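Comments concern the structure below.
What's counted below: heavy atoms across the whole structure, side chains too, no hydrogens, waters or symmetry copies. Keep in mind it's a predicted model, so treat the numbers as computed, not measured. Throughout, a chain's letter reflects where its sequence line sits, starting with A, and its residues are numbered from 1.
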There are 2 protein chains.
Amino acid sequence: MEQIEKLPERHRLLRKLESITDLTEAERQALMELPVHLREFEAGHDIVRAGDRPQASCLILSGFVCRYMLLSDGRRQIVAFHPPGDIPDLQTLHLKTMDHNVGTMAPTTAAFIPHEHLHRLTQQHPGLLHAFWRETLIDAAVFRAWLVSLGRKTAHERIAHLLCEMAMRFASVGLAEDHSYQMPVTQGDIADALGLSNVHVNRVLQDLRRDELIHWRRNTITVLNWKALEDLAGFDPGYLHIRPPALKQ
Amino acid sequence: MEQIEKLPERHRLLRKLESITDLTEAERQALMELPVHLREFEAGHDIVRAGDRPQASCLILSGFVCRYMLLSDGRRQIVAFHPPGDIPDLQTLHLKTMDHNVGTMAPTTAAFIPHEHLHRLTQQHPGLLHAFWRETLIDAAVFRAWLVSLGRKTAHERIAHLLCEMAMRFASVGLAEDHSYQMPVTQGDIADALGLSNVHVNRVLQDLRRDELIHWRRNTITVLNWKALEDLAGFDPGYLHIRPPALKQ
DNA sequence: CGCAGCCTTGAACTCCGTCAACTTCCGTGG
DNA sequence: CCACGGAAGTTGACGGAGTTCAAGGCTGCG
């Protein structure tokens with residue numbers, strides 16, 4: 001099921017970019033005129049694989065994806081989660097060969113934007129070039145925050161930090177209400193993201209629920225006590241470089 | 001001790017950029033004409049601190065620096081090492097506020113390049129803009145590789161991986177010979193980079209020396225058995241995106 | 001209503017951390 | 001040239017956060 005058309009649900013991409021940068025009206029217009037290939041994927045499908053040399057980058061319109069790497073013996077490390085509005089393989093604009101995989105964690109709609117169009121767009125609108133560059137830099141800032149988690153934080157702190165981060169990122173694109181958001185991941189996925197075992201993730205989550213820091217039912221996560229969770233995590237949202245107006249709505 | 005002049009030792013920056021991208025003669029020329037502020041630092045000095053909003057980025061000419069973050073209780077996580085030729089805070093071009101520190105691990109000479117000059121340079125030479133963007137993307141690829149290490153690798157694998165990575169990166173700028181390079185770090189620094197304790201790093205290094213995988217004397221690291229170290233680490237240099245010619249010399 | 005994937009629980013184990021002492025190394029100054 | 005001091009490397013004993021293994025329970029979907 002593939003079609004070529006203009007960006008639908010454009011508000012999500014605009015919202016994402018406007019949460020991290022300023023856009024002019026001309027830039028908004030140009031983004032909306034982008035021709036894209038729309039594709040739908042089931043949960044558990046690899047959109048891009050390590051070793052691929054994609055000619056297009058994929059904008060997530062709905063659903064949820066992760067980026068992950070596999071070791072030869074099957075160990076898996078998830079290195080990033082991406083809510084709608086993100087472009088998880090934007091880097092392929094300048095790093096031609098993928099060194100990791102992008103996989104869906106839920107039914108997902110993606111808009112593939114050919115690199116040639118992105119290059120033309122950024123030539124005509126230097127502001128957008130800086131916005132995209134900035135997005136890849138924030139990506140890297142998130143990696144650094146995860147490194148601190150995996151390297152120097154306890155299991156409780158790591159999980160609390162991930163839940164805080166995802167709350168902020170969902171909120172910045174308008175997908176969270178009352179500290180509640182939909183994140184379709186299993187406890188095993190959390191374990192592979194945070195360098196833990198699924199058994200231990202389970203036990204820590206029970207602690208967090210018992211202490212009434214969070215509520216987790218199906219895919220819906222609700223932060224019940226933001227202050228306590230933030231303190232536990234040592235969470236400081238500065239690294240996300242989200243502009244304040246994006247969070248007030 | 002501060003002076004304004006053109007880039008000295010320019011071959012190191014050029015070498016770095018040419019190890020990851022193609023440059024035209026005009027671009028080489030423009031890089032050599034860049035006006036910079038030269039500064040020297042002792043070991044253990046912070047060049048940039050979290051919260052700073054620098055107006056210039058620093059190119060490392062000689063010495064060795066790391067990027068690190070501190071938790072409120074003193075725990076430290078080193079998130080990157082940078083040999084000469086690197087620009088550790090290149091990201092401040094588009095992320096104005098630093099979310100981590102850049103500190104020297106040895107006496108270091110840095111060339112500060114004002115952002116306004118970098119912006120002018122990249123306007124006149126789009127090839128250089130792509131080269132710099134590409135450098136920040138490779139930076140992020142290294143973060144991902146570290147995430148896999150910290151999340152899913154044993155202490156032996158982590159240390160082996162770091163030694164392989166640094167060997168490649170020193171070699172790519174001409175600072176390694178016969179799998180031997182100078183890296184001025186303590187075992188405690190390695191521990192803070194890999195999420196281990198200094199005691200455990202010490203024991204693992206003893207294993208690696210006993211098995212004759214490496215030799216480490218003062219600051220000089222020599223890889224004695226590259227194949228074995230690479231296998232132990234699960235090291236695949238693809239993520240560094242170094243162009244093959246850069247490694248043959 | 002049955003199955004498959006996920007969650008949950010318990011018990012045993014281990015890798016790695018912590019603590020504390022000791023040694024080696026090297027730069028400095030007498 | 002040697003004595004000194006501090007930082008880094010080394011060692012052993014002990015403890016704990018988190019893993020592994022294995023079994024059982026839940027739940028949502030076909």
(request) Assign a letter to each nucleotide of nucleotides 23-30 of chain D from its 5' end: B, base within under 4.0 Å of a protein heavy atom; S, sugar-phosphate only; -, no contact. (result) -----SS-
(message) Output one letter per nucleotide in nucleotides 6-19 of chain C: B when a protein non-hydrogen atom lies under 4.0 Å from the base, S when only the sugar-phosphate is that close, - when neither is.
(response) SSSBBB----SSBB
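Side-chain atoms of Thr108(B) and Glu40(B), non-hydrogen and from C-beta on, never get closer than 4.5 Å to each other. Side-chain contact between Gln91(B) and His100(B) is present, with heavy atoms from C-beta onward closer than 4.5 Å.
In terms of the ring pair (Phe, Tyr, Trp, His ring centres under 6.0 Å) criterion, residue partners of Phe81(B) (sequence neighbours excluded) are, by chain and number, Phe64(B), Trp146(B). Annotation: side chain to side chain donor-acceptor pair (under 3.5 Å) contacts of Asp178(B) (sequence neighbours excluded): none.
Atom P of nucleotide dA8(D) and atom CE of Met183(B) are separated by 15 Å, given to the nearest angstrom. For Asp73(A) and dT20(D), the CG to P distance is 11 Å, given to the nearest whole Å. The CG-C1' distance, from Asn219(B) to dC26(C), rounds to 12 Å in whole Å.
Side-chain contact, Arg158(A) with Ser149(A): no donor N or O sits under 3.5 Å from an acceptor N or O.
Residue Ala155(A) comes nearest to Val204(A) through the heavy atom pair CB-CG2, 3.9 Å, listed as atom of the first residue, atom of the second, then distance. Shown here for Ala56(B) and Thr92(B), the closest heavy-atom pair between the two residues is O-OG1, 4.2 Å.
Below 30°, between 30° and 60°, or above 60°: for His200(A) and His156(A) the angle between ring planes is above 60°, a perpendicular geometry.
Axis angle between the ends of the helix from dC1(C)-dG30(D) to dG30(C)-dC1(D), five pairs each and rounded to 10 degrees, works out to 40°.
The side-chain tip of Arg39(B) points at the ring of Phe112(B) from less than 6.0 angstrom away and within 45° of straight on.
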Identify each donor-acceptor pair in which a side-chain atom of residues 230-237 of chain A lies under 3.5 Å from a protein atom, sequence neighbours left out, and give them as a table.
unit_1: Glu230(A); atom_1: OE2; unit_2: Trp226(A); atom_2: NE1; d: 3.2
unit_1: Asp231(A); atom_1: OD2; unit_2: Lys227(A); atom_2: NZ; d: 2.7
unit_1: Asp236(A); atom_1: OD1; unit_2: Gly238(A); atom_2: N; d: 3.0

